[in-house]
Amino acid sequence: ETGIYLGLGSLVILRALARNRHEGSPGELLSFDTSRSAGSIVREQARGGWHRFVGSTHDLLLPALEDRRVGMLIQDTPHTEENQRFEFGAALSHAAAQLLLFDSSGYAPTLEAICAERGGTYHRVPLRSRNHIYPGVDLGFGVFEETRDDGLGVDG
């Protein structure tokens, strides 16, 4: 995940990874944020399999992915085209047999374009709040099967 903030999303993912590990499917979470205090609500006992990186994804993401396969990336750092192309491209260049890419911005056209360029399928799902001041957001995600590294969008 790129962008941790307090760590609520990290906690949810870590809990799912713990359940997967218990069922025989181990995994790990790599989280990136520029703030040293990011992830402050993730207690020590919940941190199994969590690797937290402090700094820019442009400096840290590709080295962290070396010798790893990525099954999912949740992108929640600046939703600029340049940044999304870099982060999604990094995940695609280290993709597992199936890769899910999530754009938490509500809607930024970059992920949809990457899906069209790279043979992924793009989906947009409205997530609406009930009885809350925040109305909700649309979640965009792309599904890639049998991806390959053709170097698009990643500046090594």
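All values below come from the heavy atoms of this structure, side chains included, with hydrogens, waters and symmetry mates left out.
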Candidate pair Leu30 and Val70, rule side chain to side chain contact (heavy atoms under 4.5 Å, CB included), full reasoning
CA-CA 10 Å; Leu30 283 65; Val70 178; over 6 Å; no

Take Arg85 and Glu117 through the salt bridge (charged side-chain N to carboxylate O under 4.0 Å, His left out) test and state the conclusion after the steps.
CA-CA 12 Å; Arg85 282 202 174 269; Glu117 294 162 10; 2.8 Å; yes

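- Contact detail for Val54 and Thr34: the closest heavy-atom pair is CG1-O, 3.8 Å.
- When all heavy atoms of Ala64 and Phe32 are compared, the pair lying nearest together is CB-CZ, 3.7 Å.
- Asp33 places a side-chain N or O within donor-acceptor distance of the main-chain N or O of Tyr5, the cut-off being under 3.5 Å.
- Under a 3.5 Å cut-off, the side chain of Arg19 and the backbone N or O of Arg15 do not form any donor-acceptor pair.
- Clustering ILVMFWY residues whenever any of their side-chain heavy atoms sit less than 4.5 angstrom apart, transitively, puts Leu60 in the very cluster that holds Phe88.
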Between Leu73 and Glu1, does a side chain to side chain contact (heavy atoms under 4.5 Å, CB included) hold up when you go through it step by step?
CA-CA 6 Å; Leu73 175 77; Glu1 71 177 328; over 6 Å; no

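- Taking CD1 from Ile4 and OG from Ser35, the interatomic distance works out to 8.5 Å, rounded to the nearest 0.5 Å.
- Within the model, atoms CZ of Phe144 and CD of Gln98 stand 11.0 Å from one another, a figure rounded to the nearest 0.5 Å.
- Separating the CG atom in Asp103 from the CD1 atom in Ile114 is a distance of 9.5 Å, to the nearest 0.5 Å.
- Remark: side-chain polar atoms of Asn20 are not paired, donor with acceptor, to backbone N or O of Ser25 under 3.5 angstrom.
- From Leu8, atom CG reaches atom CG of Leu11 across 6.5 Å, with rounding to the nearest 0.5 Å.
- With sequence neighbours excluded, the residues that form a ring pair (Phe, Tyr, Trp, His ring centres under 6.0 Å) with His58 are Phe86.
- Among all heavy-atom pairs drawn from His123 and Thr121, the shortest one is NE2-OG1, 3.3 Å.
- Residues Ser10 and Val42 share a closest heavy-atom pair of CB-CG2, 4.1 Å.
- In this structure, Arg52 contributes its side chain and Leu29 its backbone to no donor-acceptor pair below 3.5 Å.
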Side chain to side chain contact (heavy atoms under 4.5 Å, CB included) for Asn83 and His79? Distances and angles first, verdict last.
CA-CA 7 Å; Asn83 191 54; His79 300 287; over 6 Å; no

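- At least one donor-acceptor pair under 3.5 Å links the side chain of Ser129 to the backbone N or O of Tyr134.
- Of all heavy-atom pairs between Tyr122 and Gly140, the closest is OH-CA, 3.7 Å.
- Residues Ile74 and Leu99 do not share a hydrophobic cluster, clusters being chains of Ile/Leu/Val/Met/Phe/Trp/Tyr side chains in contact below 4.5 Å.
- Under the 4.5 Å side-chain heavy-atom criterion for ILVMFWY residues, no single connected hydrophobic cluster contains both Val12 and Val125.
- Remark: Arg47 pairs with no residue by the salt bridge (charged side-chain N to carboxylate O under 4.0 Å, His left out) rule, at least two apart or across chains.
- Among all heavy-atom pairs drawn from Phe102 and Leu111, the shortest one is C-CD2, 4.4 Å.
- At least one donor-acceptor pair under 3.5 Å links the side chain of Ser104 to the backbone N or O of Gln75.
- If you take OG1 on Thr80 and CD on Glu87, they are separated by 8.5 Å, rounding to the nearest 0.5 Å.
- Rounding to the nearest 0.5 Å places CG of Leu101 at 12.0 Å from OG1 of Thr110.
- Take Arg124 and apply the salt bridge (charged side-chain N to carboxylate O under 4.0 Å, His left out) test, not counting sequence neighbours, and it matches Asp138.
- Ring-plane geometry between Phe53 and His51 is classed as tilted, the angle between the planes lying from 30 to 60 degrees on a 0 to 90 degree scale.
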